[in-house]
Amino acid sequence: QVQLVESGGGLVQPGGALRLSCAASGSTLRSHVMAWFRHAPGKEREHVGRIRWIDGTTDYADSVKGRFTITRDNAKDTKSLQMNSLQPEDTAVYYCAKSKFGIATMAPDDYDYWGQGTQVTVSS
C-alpha cells in the first residue's frame with residue numbers, strides 16, 4: 001500500500017509563493033508518474049502538473065505554466081510543487097497522486113493513490 005502525504009499549504013497574499021511537498025511511502029516510485037491536482041469548491045478536480053519519476057519529465061496545465069514547478073527528490077521519495085505568483089484562482093485543496101502505470105495523462109482515473117490534500121488559500 002502506498003501512502004502519500006502532502007504538506008506546505010497555507011494562506012498567502014496574491015503574488016506570493018508557497019512550496020508544497022508530497023512524501024511517499026510503501027513503494028518505489030521510479031516506474032510511475034506523480035501528479036499534482038487541485039480541487040476548488042464547486043469545480044472539477046483539475047490536473048496541475050505531473051512528473052515521470054524515472055527521468056523527471058514534467059507536464060503542466062496551461063493555467064500554471066511559468067508559475068509552478070514540480071521537482072523530485074529520488075533519495076527521499078518526495079516531490080515538490082513550487083508555486084510562484086499565486087493568484088486567488090489558485091485557491092484550492094492540492095492533492096498528490098500516484099499513477100497506476102508508468103504512463104499517465106491528466107485524467108484523475110489514471111491515478112490510484114491519493115493524498116489527503118493540503119489547503120492553499122490566496123487572498124489579501
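Computed over heavy atoms, backbone and side chain alike; hydrogens, waters and symmetry mates excluded.
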Compute the centroid of each ring, for Phe37 and then for Trp114, and state whether the two points are separated by less than 6.0 Å.
yes

Please find the pair of heavy atoms, one from Arg50 and one from Ile70, that lie closest to each other, and give the distance.
N-CD1, 3.3 Å

Among residues at least two apart in sequence or on other chains, which ones pass side chain to side chain contact (heavy atoms under 4.5 Å, CB included) with Glu89?
Gln87

Measure the CZ-CZ distance between Arg72 and Arg52 for me, rounded to the nearest 0.5 Å.
10.0 Å

Between Asp110 and Ser99, do the side chains contain an N or O donor and an N or O acceptor separated by less than 3.5 Å?
no

Write down the atom of Asn84, the atom of Ala17, and the distance for their closest heavy-atom approach.
OD1-CB, 3.4 Å

List the atom of Thr105, the atom of Tyr111, and the distance in Å for their closest heavy-atom pair.
O-OH, 2.7 Å

Pairs meeting criterion disulfide (SG to SG under 2.5 Å) with involvement of residues 40-124, two or more places apart:
Cys22-Cys96

Report the residues that fulfil side chain to side chain contact (heavy atoms under 4.5 Å, CB included) with Ala92, sequence neighbours left out, ordered by chain and then residue number.
Arg38, Ala40, Tyr94

Are side-chain heavy atoms of Val120 and Leu20 found at a separation under 4.5 Å?
yes

Hey, could you give me the CG/OG distance between Leu11 and Ser124, rounded to the nearest 0.5 Å?
9.5 Å

Greater than 12 external heavy atoms within 6.0 Å of Gln119's CD:
yes

Answer yes or no: is there a side-chain heavy-atom contact under 4.5 Å between Ile51 and Thr57?
no

Sidechain-backbone polar pair: Arg19 side chain, Gln82 backbone, donor-acceptor under 3.5 Å:
no

Pi-cation contact, Trp53 with Lys98 (under 6.0 Å, within 45°):
no

Suppose we screen for salt bridge (charged side-chain N to carboxylate O under 4.0 Å, His left out). Which residues come up paired with Asp109, at least two apart in sequence or across chains?
none

Test log, rule side-chain contact (heavy atoms from CB on, under 4.5 Å), inputs Phe68 and Asp90:
CA-CA 11 Å; Phe68 291 10; Asp90 296 315; 3.9 Å; yes

How long is the straight-line distance from CD of Gln3 back to OG of Ser25, given to the nearest 0.5 Å?
4.5 Å

Between Trp36 and Glu6, is any pair of side-chain heavy atoms under 4.5 Å apart?
yes

What residue among Val122, Val64, Thr91 forms side chain to side chain contact (heavy atoms under 4.5 Å, CB included) with Leu86?
Val122

Rounding to 0.5 Å, atoms OG1 (Thr78) and CG (Leu4) come to a distance of 11.5 Å

I'd like to check Tyr60 versus Thr69 (side-chain heavy atoms, cut-off strictly below 4.5 Å). Are they in contact?
yes

Test: disulfide (SG to SG under 2.5 Å). Region: residues 39-82. Which pairs qualify, not counting sequence neighbours?
none

So do Asp73 and Lys79 actually touch side chain to side chain, heavy atoms under 4.5 Å?
no

Find out if a path of hydrophobic residues (ILVMFWY) with successive side-chain heavy-atom gaps under 4.5 Å connects Val93 to Met106.
no

Approximate separation, where rounding is to 0.5 Å, of Thr58 OG1 and Met34 CE
14.5 Å

Residues in side chain to side chain contact (heavy atoms under 4.5 Å, CB included) with Lys100, at least two apart?
Asp112

